[in-house]
**Q** 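Below is a structure I'd like to ask you about.
Since the structure is predicted, the reported quantities are computational estimates derived from the model, not experimental observations. Lettering of chains follows the sequences in order, A, B, ..., and the numbering in each one begins at 1.
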Amino acid sequence: MGSVPIYDPAAVESAWQARWAEQHTNEPDLEHPKNPFYNLMMFPYPSAEGLHVGNMFAFTGADIYGRFKRLQGHTVFEPIGFDAFGIHSENYALNIGAHPARLIPKNIATFRRQLQRFGGMFDWRHELSTTDPRYYKWTQWLFLQLFKAGLAFRKKAAVNWCPSCKTVIANEQVINGFCERHPDVRVEQRVLEQWFFAISKYAERLLGNLATLDWSPSTVAMQRNWIGRSEGAELVFEVPSGERIIVFTTRPDTVFGATYMVLAPEHPLVDALTAEEQRGAVREYRRQVAAKDIVSRKVGEKAKTGVFLGSYARNPATGEAIPIWIADYVLMEYGTGAIMAVPAHDTRDFEFAKQFSLPIRQVVRREGDPLPIEAEDGTLMSSSPFDGLPCAEAKRRIVAWLGGRGTATPRVQYRLHDWCISRQRYWGPPIPIIYCAACGPVGVPDRDLPVELPLIEDFRPDDSGVSPLARHREWYFVKCPSCGKEARRETDVSDTFLDSSWYFLRYPSSEIDDRPWDARRTKTWLPVSTYIGGNEHAVLHLLYSRFITMVLHELGHVDFEEPFPKLRAHGLIIKDGAKMSKSRGNVVIPDAYIQKWGADTFRMYLMFLGPFQEGGDFRDEGITGVRRFLEKVWTLAHEVADAPAHPLAPAVERKLHQTIHKVSIDTERLDYNTAIAAMMEYVNAVREEGTPSRGAIEPLLVLLAPFAPHLAEELWALFGHKTSVLAAQWPAYDERLAAAGDVEIVVQVNGKVRGRLTIARGATEADVRGLALADESVRKFVDGKPVKKAVYVADRLLNLVV
RNA sequence: GCGCGGCUGGCGGAACGGUAGACGCGCCGGCCUUAGGAGCCGGUGGGGCAACCCGUGGGGGUUCGAAUCCCUCGCCGCGCACCA
């Protein structure tokens, strides 16, 4: 037995990775699968830094699940790809003076190498990149499907403009109102014509369907929040000149307390409602608001500003004339862009009223609370004839009452805005539209797709407020596809989130070029069986993908409405109690760890840190424990490989079946940390028993295969198997064997543990009670008193109450 | 402000309402070694010689029995946020 070879992970792992590639181990037959299982993980953005430990954590967790499903008899498709378009790549390229078209392939090559090295069960035949014209041809096709269906439309909208970069920048690039790259330059807003997708039309369905999805509750909560449904009413406030100002409110019960009104500065009625003497002030205020960036306009907790228009509207409940103001705390994008202000019962209105000395009238009272701002559980006052009614009932009654006079309508409002997909940037798929003076915006015909992104060197955005492509007349001047006259291309590109909103549809059909996806394959493989990813995409990516799928379903392109019936969000890996970030200098690069410890050890260590769905704190001290465990398995396997077989010791057999049970359940639930702990316990038990046998180790290798795939293959082959361990059967759990032997029963007196009995399983309460009362320590605490009550949990516990 | 999570040894973390601290790290002691940063064996929540007592962020409750369920307060993390 002294001849156990040294465990050299690097050698074992590279040998098996080569063999998997050679034998196409991870390339399932997509046409004739047995029990198809589409195991999807969120594809990475290939940054220049390479795969980081968070990616690694996510992919390992997802890969374990895929391997587990395969061992359970599924044909598993586990694809990978790269989300390589977008502002991140473009900005990085600008910073280092490189071109994204040259940078991205390098980054992808690094990622590919790292993904192979960690041992993911990826089907590389179906790798894709969103920057590949063969891919974005269909992203453009998708845009056109929405365009033709009337779900893509043009609208003016404000964007952030950095006067120093001379470009449009993303909201994330605005830091406290300043440009992230020019900390002394204030960002402004500019209003441009942009393309939108009508996602808000689907708000109700996107919200309703959430109940049908098997998703992590936190993700569902975030989507629900984002969609933001609120019920209320539209109320009409009339102006003497005859104009009608419509407001949305969730608190129609407080209408008697509306002492003034506020319109968004951009509200279309502002000009009509501005009195002559206020024109100058109003113009100046609107100019100031427009000069602010979008982000800081929406950040609260600063002094309220606003201007009186010099005119009045009639409160439909009280008949009073109330002043009309404009203020930037009212947003044009939400509701009707106008509010009735009830300063007594809304914190923002309250602040504004104090700032400008406007009247505050309390109309809701609550016991012991002098001015219950925002209270919805009080009763009405000063609202005759509704005084004394609880708020909820008052809402209904007042809406009905005003409705009778034509000044109120019940209304549901969503926070979800239409999706602006235009980007005045270079690094993305050109939006496939041609503007013709005669025909208007015309979709590029399918036969002319893709509209290829030209390789231009001057991709830096400029002063003009439009995309860099707009500098290339030779590119954007084209003939109108419908009338043949001179026309010009749209020069904006589309949002990266459009690229990623459908990639899971492309994977199974990625080698097919004449259609976005093959109908039969899609029917076989979709919707996705399990989707695993981070909660950073809980709203945008996951909501957009749901929306796109819903539209494709409606247009008859796919036969399901929800792409991800089952989704699990993994947790975050932190380091020293804080999020990893370059600025903190606590970013862990996995390569060095894999080199030092091996991919199997690193994979298992990441999974052992904490619950997969909660994340964990990365400390490298702990990794030795996992390595020791794998060394023990290695040694045991070599010791028993050639030894004569002998039956399992009963204690080992029992533990084996308990372990099979626990690992099966925990892996299914993604509780990888406890599954690993169970395998460790088992190995400890085998070692304690002293004379290990092959039958004790062989099933363990299968349990271990999802977690440490290379080691499992190596030892599986050592046992003489000619096929991959993935072709093995997941070990069967025998409940009878797991339950064999004696049990320990805890004896409590008044709920405190006073003794333990070891007894054959299935003992009756009377037996246990007899033995318990014979126990000296139990007897001491019963102390001769009568047992008033006894609680017996079979094979577990007896509690005597005296 | 709203919505999710979370708070358990020195540390990461385990515990269908039923033995709190599995598993691992670290630490302590021993064995083996020229050596040990390798390996093996034993110990390791706090207090106490012991019998025992105390312990899951604080307070209250439900229960034979609560880390777990309910109420309440506090703290930490994440997401959203002048959304009317």
**Q** Is A/Ile227 close to A/Arg415 at the side-chain level, that is, under 4.5 Å between some pair of heavy atoms?
**A** no
**Q** Defining pairs by Watson-Crick or G-U wobble geometry with both distances under 3.5 Å, how would you list the stems of RNA chain B with at least three pairs each?
**A** B:1-7 with B:74-80, B:10-12 with B:23-25, B:26-31 with B:39-44, B:45-47 with B:52-54, B:57-61 with B:69-73
**Q** At 4.0 Å (heavy atoms only), tell me whether A/Arg687 reaches a base, stays on the sugar-phosphate, or touches nothing.
**A** sugar-phosphate
**Q** For the P atoms, the ones on B/C80 and on B/A66, what distance do you get once it is rounded to whole angstrom?
**A** 40 Å
**Q** If you check every side-chain atom of A/Arg415, which of B/C82, B/G65, B/C80 has the closest atom?
**A** B/C80
**Q** Backbone N or O of A/Phe196 within a donor-acceptor pair of the A/Asp418 side chain at under 3.5 Å?
**A** no
**Q** Just call it for A/Glu744: base, sugar-phosphate, or nothing, with non-hydrogen atoms closer than 4.0 Å on any strand.
**A** base
**Q** Do A/Tyr414 and A/Ser200 pair up side chain to side chain, a donor and an acceptor below 3.5 Å, judged on atom types alone?
**A** no
**Q** When rounded to the nearest Å, what value does the distance between P atoms of B/U8 and B/G65 take?
**A** 26 Å
**Q** I'd like to know if A/Lys788 reaches the base of B/C64 with its side chain, counting only an N/O donor and acceptor under 3.5 Å.
**A** no
**Q** Heavy-atom nearest nucleotide on RNA chain B for A/Pro217 versus A/Gly610: which residue maps closer to 5'?
**A** A/Pro217
**Q** Are A/Glu631 and A/Arg627 close enough for a salt bridge, meaning some N to O gap below 4.0 Å?
**A** yes
**Q** Determine whether more than 12 heavy atoms belonging to other residues, nucleotides or ligands lie under 6.0 Å from atom NZ of A/Lys632.
**A** yes
**Q** Got A/Arg568 and A/Phe612 here, is their nearest side-chain heavy-atom distance under 4.5 Å?
**A** no
**Q** Please tell me which of the listed nucleotides, B/A84, B/G18, B/C82, lies nearest to the side chain of A/Thr249?
**A** B/A84
**Q** Just to be sure I understand the rule, does A/Ile339 reach a base, reach only the sugar-phosphate, or reach nothing, if contact means heavy atoms closer than 4.0 Å?
**A** base
**Q** How is A/Val801 classified with respect to the nucleic acid when contacts are heavy atoms under 4.0 Å: base, sugar-phosphate, or nothing?
**A** sugar-phosphate
**Q** Is A/Val753 touching bases, backbone alone, or none of the nucleic acid, heavy atoms closer than 4.0 Å?
**A** sugar-phosphate
**Q** Where does B/G9 land, syn or anti, given syn is within 90° of 0?
**A** syn
**Q** Counting side-chain heavy atoms from C-beta on, which of B/G18, B/C53, B/A81 comes nearest to A/Phe781?
**A** B/C53
**Q** Do NZ/NE/NH1/NH2 and the carboxylate oxygens of A/Lys395 and A/Glu376 come within less than 4.0 Å?
**A** yes
**Q** Can you tell whether the side chains of A/Arg769 and A/Asp767 come within less than 4.0 Å, N to carboxylate O?
**A** no
**Q** Let's see if you can work this out: which of B/A81, B/C52, B/C82 has an atom nearest to the side-chain heavy atoms of A/Arg754?
**A** B/C52
**Q** Would you mind reading off the distance between A/Lys752 atom NZ and B/A66 atom C1', rounded to a whole angstrom?
**A** 13 Å
**Q** Looking at the side chain of A/Phe248, which of B/A84, B/C11, B/C82 is the nearest nucleotide?
**A** B/A84
**Q** Between A/Glu231 and A/Arg229, does any side-chain N to carboxylate O distance fall below 4.0 Å?
**A** yes
**Q** Checking all strands, does A/Gln748 fall into the base, sugar-phosphate, or nothing category for heavy-atom contacts under 4.0 angstrom?
**A** base
**Q** Quick one: does A/Val743's side chain get under 4.5 Å of A/Thr758's, heavy atoms only?
**A** no
**Q** With rounding to the closest Å, how many angstrom separate the P atoms on B/C16 and B/C11?
**A** 23 Å
**Q** Which of the following nucleotides, B/A84, B/A51, B/G79, is nearest to the side chain of A/Met222?
**A** B/G79
**Q** Using a cut-off of 4.0 Å between protein heavy atoms and nucleotide atoms, how would you tag nucleotides 21-32 of chain B 5' to 3' with B, S and -?
**A** -BBSSS------
**Q** C1' atom, B/G26 versus B/G21: distance in rounded Å?
**A** 16 Å
**Q** Taking the basic N atoms (NZ, or NE/NH1/NH2) and the acidic carboxylate oxygens, is any pair closer than 4.0 Å for A/Arg366 and A/Asp377?
**A** yes
**Q** Look at the side chain of A/Ser777 and decide which nucleotide, out of B/C52, B/G18, B/C82, has an atom nearest to it.
**A** B/C52
**Q** Closer to the 5' end of RNA chain B via nearest nucleotide, is it A/Asn799 or A/Asn225?
**A** A/Asn225
**Q** Counting only side-chain heavy atoms from C-beta out, which of B/C4, B/C80, B/G12 sits nearest to A/Ala221?
**A** B/C4
